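Here's the structure we're looking at; comments come further down.
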Amino acid sequence: MDKERALEEMMGKLGDFGRYQGFQFFLHILAALTAGLHMLSLVTVAAVPEHRCWIDGVDSNETIAAWNSSEILKAIPRTETGALDNCLMYNELNEKIPCEKWVFDSRYRTSSRAIEWNLVCDQRWRGAIAQTVYMLGVFTGAVFLGGLADKVGRKTVFCWSGVLQLILGVLVSFIPEYWSFLGVLFFYAIFGSAGAYIPAFVLTMEIVGASKRTACGVAFQCAFAFGIMLVAGWGAIIDDRQILQVVYGLHGLLLIPHIWIMDESPRWLWAQGRPKEAVDIVQKGLKCNGSDEVLDRAELVSKGKIESSKVTEEQQPSASTLDLFKTPNLRNKTLNICLCWFANSLVYYGLTLSTGKLEGNPYLITAVFGLVELPSYAAVIYFLDIWGRRALICSMMIIGGSACIIAAFIPTGTIISTVVVIAGKLFIAGSFAIVYNYSAELFPTVVRNSAIGLGSMCARLSGALTPLITLLDSFNPKIPAVTFGLVALVSGFLCCFLPETMNQPMPQSILDGENFGKGDTCFKICVGKSENVDVYTVEDKAAEVMVPLDDVEKKA
């Protein structure tokens, strides 16, 4: 902690949230908006409308027969629920045969990748693979770009991602062939929903003060939800899938000005032995916040260089993702939180991507799915610093998982089914918001970006599996929802073994991360007061009260 004293005192002068932090936070949060928009773009661009077989002699290019006409009812078999079968029709011998051509319901959309490429019935897997490829792209971005941001800088990765998501977001709309489309989609996902979002979140956590970390962290999730609502809004307005994807891609323009007006993290610069740049940014922030204080630049730079020269191999510069698994306590926390990311993402995207299966206007349902997250986030902001991270994330995951299982046994298309699904989305969205802040508080500064990137990687892995799991409804419609729910229940229970981070100083080194929270579990609290091994002294804790970053865990 002694070696960080100069940095903490300098950052403490900025305060928790002034005009400077507010402006930088606004720049950062735009990445969450575009990430949400890109992540759910396939919901409209590759939408699968209700469909039935094309019946020669009844349907023609000029006239499509009504779905409830007597000719159609005689030509197409019914399902157990009484609806027209999507994939079968009768031949001249009154035998059921697969469709060769389809008629799509044009009430809500007449143009999409699924319509163009007939991604239905025996080709339905291609649509699921497209969504999976996108999630694998986000997974790849979380793996490589999260660690890269710890090495080359948060701003560098952020800005390059902004440029590339603009280019690839527009380019993908013009790809005419399926396999080439998947290739471009993969890289679009790397930079569209991972490359800018993760560095932006870490930048915010490293510049705002303790009292604002919870609100700012959860605000990222709110912006992501607004991105989902933008998907629905543009989808309802623009019918042509190519123009629609171009509009989605052009949202990358929002991130281009950041190249010139966004600052690098002073904490990252200091850790990299570049104290001069860190001091200059903090001085700029003080001026923007209206403070007349002038930092002793020469002294701070000198201290920064001395501190940098004291760093040994086991300290910050050499720390990597592998350090999260080298010691037992840190390894257990890492595996537990990775499962938490995995489970939250699985349920979140499982419910979000299932909007097309709910009865009603798909754009309205998608917008409601985004809107319903906002009260959840408001509750998280209010209760997170009252009940603590552990209690809230455990309860929300257990309730959300239970809602998934209950929904599986309620007839689809009913109001009760829709309400239960939306309730599940509300609770799982809240727990998903908490896991970002919880991860930032659990893991030490030297690998914080890598840890969040690892967690995000696990989330994207489950996101990639989600479309494939939904295909299991071909065997039994209950399998996907029950699977999502059980994973959430297991993870919610295991989160009880994670330490509480509320009002605890944030670990800095790998040693701090290993010692933090030893013996602190939900069950230990029930029996008696847990012994939380704290590597910080009382003086250190007092100093951290006025330090924005090390107190990330206090309020993050």
Side-chain angles (χ1 to χ4, degrees), residues 42-131 178 232 235-242 244 353-366 407-408 410-418 421 467 470-481:
L42 288 177
V43 169
T44 52
V45 173
V48 183
E50 187 64 28
H51 49 281
R52 64 166 175 82
C53 292
W54 172 283
I55 307 299
D56 288 326
V58 178
D59 297 311
S60 66
N61 294 328
E62 292 76 25
T63 306
I64 301 297
W67 287 43
N68 59 353
S69 66
S70 58
E71 294 89 348
I72 294 299
L73 295 177
K74 283 192 287 186
I76 299 177
R78 303 290 191 94
T79 64
E80 294 179 359
T81 61
L84 294 178
D85 195 291
N86 298 132
C87 305
L88 298 174
M89 65 180 191
Y90 292 117
N91 62 10
E92 295 82 357
L93 301 176
N94 206 35
E95 298 171 330
K96 293 181 181 179
I97 61 172
C99 305
E100 295 182 357
K101 190 176 179 180
W102 288 266
V103 172
F104 291 90
D105 188 344
S106 59
R107 279 181 299 171
Y108 303 114
R109 177 153 296 279
T110 63
S111 172
S112 78
R113 292 287 190 180
I115 295 174
E116 289 179 15
W117 293 333
N118 289 325
L119 304 182
V120 295
C121 299
D122 62 340
Q123 295 297 308
R124 182 184 167 207
W125 62 272
R126 290 194 174 212
I129 289 295
Q131 187 67 58
Y178 176 76
I237 295 170
I238 303 172
D239 183 61
D240 185 278
R241 66 90 187 154
Q242 190 172 69
L244 179 61
L353 297 176
S354 68
T355 55
K357 297 180 181 179
L358 300 178
E359 294 291 331
N361 187 315
Y363 307 114
L364 178 61
I365 293 173
T366 301
I410 299 177
T412 58
T414 63
I415 294 177
I416 296 178
S417 173
T418 302
V421 170
T470 58
L471 293 178
L472 296 177
D473 63 2
S474 300
F475 301 99
N476 188 316
K478 296 181 177 64
I479 292 178

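Just so it is clear, the structure is predicted and the values come from calculations on it, not from any experiment. Because only heavy atoms are used, hydrogens play no part in the values below, and waters and symmetry mates are left out as well, while side chains stay in. The first residue of the sequence shown is numbered 1, and numbering continues consecutively from there.
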State the [atom1]-[atom2] distance between [X] and [Y], to the nearest 0.5 angstrom.
| X | Y | atom1 | atom2 | answer |
| --- | --- | --- | --- | --- |
| D240 | S111 | CG | OG | 4.5 Å |
| Y108 | E50 | OH | CD | 11.0 Å |
| Q123 | I129 | CD | CD1 | 11.5 Å |
| F104 | N118 | CZ | CG | 5.0 Å |
| Y90 | K96 | OH | NZ | 5.0 Å |
| I97 | C87 | CD1 | SG | 13.0 Å |

Shortest non-hydrogen contact from [X] toward [Y]:
| X | Y | result |
| --- | --- | --- |
| H51 | W102 | CD2-CD1, 3.8 Å |
| R241 | R109 | N-NH1, 4.3 Å |
| P49 | D105 | CB-O, 3.4 Å |
| A47 | S112 | O-OG, 2.7 Å |
| D85 | I76 | O-CG2, 3.6 Å |

- [ ] Report yes if the side chains of R126 and W117 come closer than 4.5 Å at any heavy-atom pair, otherwise no.
- [x] no

Open item on the list: For a 4.5 angstrom cut-off between non-hydrogen side-chain atoms, does L73 reach L84?
Closed with: yes

Open item on the list: With side chain to side chain contact (heavy atoms under 4.5 Å, CB included) as the test, pick out the partner of R52 among V120, N86, I72, L88.
Closed with: I72

Task: Audit row: L119, R124, side chain to side chain contact (heavy atoms under 4.5 Å, CB included) steps and yes/no - done: CA-CA 5 Å; L119 304 182; R124 182 184 167 207; over 6 Å; no

